[in-house]
Amino acid sequence: MERLPHAWFDRPAPEIARALIGAQLLVRGVGGRITETEAYAPDDPASHSFRGPTPRNRAMFGPPGLAYVYRSYGIHLCLNVTCQPGSAVLIRALEPLSGMEAMTARRGTQDPRRLCAGPGCIGQALALRIEDDGTDILTILPGPEVRIVTGPRIGISRAVDLPWRFGMAGSRFLSRPFRNLGRI
DNA sequence: GCACCGATTTGCT
DNA sequence: GCAAATCGGTGCG
């Protein structure tokens, strides 16, 4: 199976965020099935890119299909896939499949449901480094068509009504449950 | 220059 | 339920 080419990601973030649910994501051979994403767009007040390029967010204005890795709350490293300029998709949760041993060791738990349930947890499970920012570390393989649920993004205070959080319906590998009945 | 706020997680009360 | 950990960005003086 071929990985999705960079040009595939040259689309608006909400479209990519939805399409990535069910795909498989690997970083240096470790990862799993994408179960939860969020979209961030150029004209989106909740996006790091909203006020233009900075040293932190410069990857969001670069080529599509690369990693945008940023430090969250000074502690965690969170993973995005870049899309159209100023756009990115935050990877919020995975169903862990590959490199289970490495992930359990890094996360300090055997519970598969806690390995990659949250953006900071993914950063730790995949051993992301700040030097990965803006680089081509992502292998993303197409997955099956799956039922999608949507809802408001988590942890933001602006544009709170946009339904730009996407999840795999019925998955047990989510950072938090989806309240809504917003199936697609 | 300085204070405050996050695209978070964990552990303790 | 709440505070702590810790740093880049933003806004104000």
Side-chain angles (χ1 to χ4, degrees), chain A residues 9 12-21 25 27 31-32 34-62 64 66-96 103-135 137-138 149-168 172-180:
Chain A
F9 296 89
E15 190 177 327
I16 302 295
R18 175 189 303 267
L20 282 180
I21 301 299
L25 180 148
V27 173
I34 299 173
T35 57
E36 183 183 337
T37 61
E38 282 178 0
Y40 290 90
D43 59 349
D44 165 16
S47 173
H48 290 168
S49 61
F50 184 60
R51 291 172 180 81
T54 68
R56 177 178 69 162
N57 68 18
R58 72 191 189 289
M60 289 188 75
F61 295 90
L66 303 185
Y68 164 41
V69 177
Y70 73 92
R71 191 176 302 279
S72 176
Y73 288 85
I75 300 175
H76 311 287
L77 293 177
C78 299
L79 174 65
N80 297 251
V81 187
T82 60
C83 305
Q84 284 181 340
S87 307
V89 170
L90 174 68
I91 308 299
R92 287 195 56 89
L94 304 174
E95 175 184 343
M103 289 191 283
T104 54
R106 293 162 180 168
R107 292 278 301 126
T109 176
Q110 300 276 12
D111 185 354
R113 293 177 56 164
R114 291 196 168 179
L115 290 181
C116 302
C121 299
I122 290 177
Q124 187 178 28
L126 304 189
L128 297 181
R129 312 182 279 257
I130 198 61
E131 310 91 75
D132 293 326
D133 181 44
T135 68
I137 55 168
L138 302 178
V149 289
T150 66
R153 294 172 291 182
I154 292 175
I156 59 169
S157 59
R158 307 190 220 202
V160 293
D161 291 331
L162 286 177
W164 280 3
R165 178 183 178 226
F166 300 87
M168 181 181 297
R172 294 169 310 158
F173 300 92
L174 300 173
S175 68
R176 294 159 89 169
F178 283 78
R179 291 184 51 93
N180 69 24

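Naming convention: chains lettered A, B, ... in sequence-line order (proteins, then strands); numbering from 1 in each chain. Not measured: the values here are computed from a predicted model.
- Residue order along DNA chain B, read from the 5' end via each residue's closest nucleotide, puts A:G74 first among A:G74 and A:R114.
- Heavy atoms of A:I156 sit under 4.0 angstrom from primed sugar atoms or phosphate atoms, though from no base atom.
- Among the atoms of the strands shown, only primed sugar atoms or phosphate atoms (P, OP1, OP2) are found under 4.0 Å from some heavy atom of A:R56.
- Of the N and O atoms on the side chains of A:Q124 and A:R106, not one donor lies less than 3.5 Å from an acceptor on the other residue.
- Whole-Å rounding puts the A:Y73 OH to B:dG11 P distance at 18 Å.
- Crowding of A:D111 atom CG: a count of heavy atoms from other residues, nucleotides or ligands under 6.0 Å exceeding 12.
- Contact annotation: the side chain of A:F166 never approaches that of A:E38 to less than 4.5 Å [non-hydrogen atoms, C-beta and beyond].
- For the pair A:N57 CG and C:dG9 P, the computed distance is 7 Å after rounding to whole Å.
- The listed nucleotides are C:dA5, B:dA7, B:dT8; the one nearest the side chain of A:I75 is C:dA5.
- Taking atom C1' on both C:dG1 and B:dA7, the two are 22 Å apart, rounded to the nearest angstrom.
- With rounding to whole Å, A:R71 atom CZ is found 12 Å from C:dG9 atom P.
- Rounded to whole angstrom, the span from the CZ atom of A:R51 across to the P atom of B:dG6 amounts to 11 Å.
- A:L77 has its CG atom 12 Å from the C1' atom of C:dC7, to the nearest Å.
- Only the P atoms considered, C:dA5 is 14 Å distant from B:dT13, to the nearest whole Å.
- Rounded to whole Å, the separation between the P atoms of C:dG13 and B:dC5 comes to 15 Å.
- Taking atom CG of residue A:N80 and atom P of nucleotide B:dT8, one finds them 11 Å apart after rounding to whole Å.
- Residue contacts shown for A:R158 are absent, as no nucleic acid heavy atom lies under 4.0 Å away.
- A sub-4.0 Å separation between OP1 or OP2 of C:dG9 and a side-chain N or O of A:T54 is present.
- Once rounded to the nearest 0.5 Å, the distance linking CZ of A:R107 with CD1 of A:I122 reads 10.0 Å.
- Distance noted for atom P between C:dA3 and B:dC4: 15 Å (whole Å).
- Summarising the base pairing, C:dT6 is matched to no nucleotide, lacking a Watson-Crick or G-U wobble pair whose two defining distances lie under 3.5 Å.
- Spacing between atom CD of A:Q124 and atom P of C:dA5 amounts to 18 Å, rounded to whole angstrom units.
- The pair A:D133-A:R56 fails the salt-bridge criterion, with no side-chain N (NZ, NE, NH1 or NH2) lying under 4.0 Å from an Asp/Glu carboxylate O.
- Within the 4.0 Å cut-off from OP1 or OP2 of B:dA7, not a single side-chain nitrogen or oxygen of A:S47 is found.
- Here A:R107 reaches the OP1 or OP2 of B:dT10: one of its side-chain N or O atoms lies under 4.0 Å away.
- A side-chain donor-acceptor contact under 3.5 Å links A:S175 and A:R92.
- Phosphate proximity of B:dT9 to A:H76: absent, as no side-chain N or O sits under 4.0 Å from OP1 or OP2.
- Atom CZ in A:R165 sits roughly 14 Å away from atom C1' in B:dT8 (whole-Å rounding).
- Nucleotide B:dG1 has C:dC12 as its partner under the Watson-Crick or G-U criteria, with both atom distances under 3.5 Å.
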